[in-house]
Participant: 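Let me begin by handing over the structure; questions about it come next.
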There are 2 protein chains.
Amino acid sequence: MPKTKTDKRSRLIQTAVKLTYRHGFRTTSIADIAEAANIPVGNVYYYFKTKDEIGEAIVEQRLLELRTLQEQWDQRGSPKERLLACIENTFENRDLLARGGCPVGTLCSELQKEGGPLAKKATALFTELLGWIEDQFRAIGRGDTSRKLATQLLSSLQGVSVLAHGSGNPELVAMETKRLKDWVGWF
Amino acid sequence: MPKTKTDKRSRLIQTAVKLTYRHGFRTTSIADIAEAANIPVGNVYYYFKTKDEIGEAIVEQRLLELRTLQEQWDQRGSPKERLLACIENTFENRDLLARGGCPVGTLCSELQKEGGPLAKKATALFTELLGWIEDQFRAIGRGDTSRKLATQLLSSLQGVSVLAHGSGNPELVAMETKRLKDWVGWF
DNA sequence: GTCTATACCGAGATAGAC
DNA sequence: GTCTATCTCGGTATAGAC
């Protein structure tokens, strides 16, 4: 039996993550989130003093999700397979990506434009992901160029999400992830 | 001697483009734009009935800028050189890109999240750019895979802008554009 | 065409009863 | 801890004098 407090709080976060992903952080109102989570507006402020605190929670939630994914990928037998799993994940989510862009990329972009403390927080999402990819290339034996290769791979994944989102076309993701899987296969 | 109307209107657009690029479209208020352009708030509504109309003008302005750039690149002697000029342009703007992301990409992302008519308008930016790149690959003699190659190149450029913006690091752009120039060199 | 004053509304945030 | 009512402010947009 979960605690009531935790329950409502996490329900708010889940709802906020979902709604802000679809419509943007600033354009999504606290009232929107509260309503969707079936919680009266005033009560939201019991869990979060300001809207920016909700933003913080959203970033942290995305970080958790990212780490969960990484743990899944880490199950694979070789670093090459781990990279393939990461790319495959992008492929599987192509419809979502075409509708709302990359959850990490679009969130970072928006928060960076705003500036302030949230921007710094969001940076962690990319450093985390880039670091993990770099680790894989190093483990493959490409320690000398691991950073370059990681940048190359993550750029392609991020970029194709931007294109797919901008044009509403998931096929672009399919096309590009297929190529990237072949590319990783060469290592 | 330019007409007063056109003068003020274009001053508003220029200012709007600059401010919204740095801080985002929705978070930039009409008052912000008016003040920066030295025009009283009320007067803005003589030129634009709604804020969304300003958004429309911003997209159109970006389209114009894009076409101007393409015309410059078209001056080059070969399609390969034209692609190199496009990549070089990204490299030269790396500091700007690290601070505010790609003007086209970030604008598209934000407007897509909002949905509505502006989202559709913004799509043109990508189709235009992707089409131009595709043309170059076709001219090189890669008509069979021109679309794939164009997606690959534009994805990398867009993606590295996202990464550079997210981490505030222009070096990523330098690293990736260098690689891309070498890559294009192979064709 | 230009500008001032202002209406209006929705957002974030607070007070305080229960 | 929970919820209702409300405050306040800043934003878009309008009215109307000049």
Side-chain angles (χ1 to χ4, degrees), chain A residues 1-59 107 110-111 113-119 121, chain B residues 1-59 107 110-111 113-119 121:
Chain A
M1 208 171 190
K3 296 189 207 98
T4 310
K5 178 185 172 179
T6 311
D7 185 44
K8 286 204 176 174
R9 188 188 155 88
S10 70
R11 218 167 74 219
L12 274 172
I13 297 177
Q14 293 300 336
T15 311
V17 164
K18 201 175 298 181
L19 280 183
T20 59
Y21 168 60
R22 290 297 286 130
H23 306 292
F25 176 63
R26 277 305 153 191
T27 52
T28 303
S29 73
I30 291 181
D32 291 338
I33 298 168
E35 191 187 20
N38 272 310
I39 287 168
V41 259
N43 200 5
V44 173
Y45 288 89
Y46 174 73
Y47 300 101
F48 305 97
K49 276 189 282 295
T50 66
K51 192 182 178 182
D52 276 22
E53 270 190 27
I54 299 179
E56 234 178 304
I58 291 173
V59 174
L107 183 60
E110 182 174 0
L111 296 182
K113 292 248 172 182
E114 291 204 3
L118 273 178
K121 269 236 152 194
Chain B
M1 205 167 189
K3 295 190 208 98
T4 310
K5 177 185 173 178
T6 312
D7 185 44
K8 286 205 176 172
R9 189 189 154 88
S10 68
R11 219 167 73 221
L12 273 173
I13 297 177
Q14 292 301 335
T15 311
V17 165
K18 202 175 300 183
L19 280 183
T20 59
Y21 168 59
R22 294 293 289 129
H23 307 292
F25 177 63
R26 277 306 153 190
T27 52
T28 303
S29 74
I30 292 181
D32 291 338
I33 298 168
E35 190 188 22
N38 272 311
I39 288 167
V41 260
N43 200 5
V44 173
Y45 288 88
Y46 174 72
Y47 299 100
F48 305 96
K49 276 189 282 295
T50 65
K51 191 182 178 183
D52 277 21
E53 270 191 28
I54 300 181
E56 233 178 304
I58 291 173
V59 173
L107 183 59
E110 182 174 0
L111 297 182
K113 291 246 172 183
E114 292 203 3
L118 273 178
K121 269 236 152 194

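Throughout, protein chains are lettered first and strands after them, A, B, ... in sequence-line order, and every chain is numbered starting at 1. This one's a predicted model, so the numbers in the text were calculated from it and none came from an experiment.
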Participant: Could you tell me the separation between the CZ atom of R11(B) and the CD1 atom of I33(B), rounded to the nearest 0.5 Å?
Facilitator: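 One finds 13.5 Å between CZ of R11(B) and CD1 of I33(B).
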
Participant: With sequence neighbours excluded, tell me which residues meet side-chain contact (heavy atoms from CB on, under 4.5 Å) with A31(A).
Facilitator: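 Residues passing side-chain contact (heavy atoms from CB on, under 4.5 Å) with A31(A): S29(A), V41(A).
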
Participant: Kindly point out which of dT2(C), dA11(C), dT4(C) is positioned nearest to the side chain of S29(A)?
Facilitator: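 Among the listed nucleotides, the one closest to the side chain of S29(A) is dA11(C).
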
Participant: Output the distance between atom CZ (R9(B)) and atom CZ (F48(B)), rounded to the nearest 0.5 Å.
Facilitator: 4.0 Å

Participant: Rounded to the Å, how far apart are H23(B) NE2 and dG11(D) P?
Facilitator: 13 Å

Participant: Please state how far atom CZ in R26(A) lies from atom P in dG12(C), giving the value in whole angstrom units.
Facilitator: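 Value for this atom pair: 8 Å.
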
Participant: Considering just the side-chain nitrogens and oxygens of Y46(B), establish if one lies under 4.0 Å of OP1 or OP2 belonging to dG1(C).
Facilitator: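 Affirmative; the distance criterion is met.
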
Participant: If an axis is fit to five pairs at each end of the helix from dG1(C)-dC18(D) to dC18(C)-dG1(D), what is the angle between the two, to the nearest 10°?
Facilitator: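 Answer rounded to 10°: the end axes differ by 10°.
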
Participant: Atom OH of Y47(B) and atom P of dG1(C): how far apart are they, to the nearest Å?
Facilitator: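 It is 8 Å, rounded to the nearest whole Å.
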
Participant: Under the rule for side-chain contact (heavy atoms from CB on, under 4.5 Å), what residues qualify as partners of A36(A), not counting sequence neighbours?
Facilitator: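 For A36(A), the residues satisfying side-chain contact (heavy atoms from CB on, under 4.5 Å) (neighbours in sequence not counted) are T15(A), L19(A).
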
Participant: May I have the distance from E114(B) (atom CD) to dT12(D) (atom P), rounded to whole angstrom?
Facilitator: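 Going from E114(B) (CD) to dT12(D) (P), I get 12 Å.
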
Participant: Can you name the nearest heavy-atom pair linking P40(B) to A34(B), along with the distance?
Facilitator: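 That would be C-CB, 4.3 Å.
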
Participant: Whole angstrom is fine here: how far is it from CZ in R9(A) over to P in dT2(D)?
Facilitator: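 Those two atoms, CZ and P, are 13 Å apart.
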
Participant: Using a cut-off of under 3.5 Å, enumerate the N/O to N/O pairs linking the protein to nucleotides 13-18 of chain C.
Facilitator:
{"unit_1": "dA13(C)", "atom_1": "OP2", "unit_2": "K51(A)", "atom_2": "N", "d": "2.7"}
{"unit_1": "dA13(C)", "atom_1": "N7", "unit_2": "Y45(A)", "atom_2": "OH", "d": "3.4"}

Participant: What donor-acceptor contacts under 3.5 angstrom involve side-chain atoms of residues 51-58 of chain A, with partners at least two apart or in another chain?
Facilitator:
{"unit_1": "K51(A)", "atom_1": "NZ", "unit_2": "F25(A)", "atom_2": "O", "d": "3.0"}
{"unit_1": "K51(A)", "atom_1": "NZ", "unit_2": "R26(A)", "atom_2": "O", "d": "3.3"}
{"unit_1": "K51(A)", "atom_1": "NZ", "unit_2": "T28(A)", "atom_2": "O", "d": "2.6"}
{"unit_1": "D52(A)", "atom_1": "OD1", "unit_2": "R26(A)", "atom_2": "NH2", "d": "2.7"}
{"unit_1": "E53(A)", "atom_1": "OE1", "unit_2": "K49(A)", "atom_2": "N", "d": "3.2"}

Participant: Write out all pairs satisfying salt bridge (Lys or Arg N to Asp or Glu O under 4.0 Å) with one or both partners inside residues 15-25 of chain A, taking only residues at least two apart or from two chains.
Facilitator: none

Participant: Could you tell me the separation between the CD atom of E35(B) and the P atom of dG10(D), rounded to a whole number of Å?
Facilitator: 14 Å

Participant: For the atom pair CD1 (I39(B)) and OH (Y47(B)), what is the distance rounded to the nearest 0.5 Å?
Facilitator: 6.5 Å

Participant: Are there over 12 heavy-atom neighbours, none belonging to Q14(A), within less than 6.0 Å of that residue's CD?
Facilitator: yes

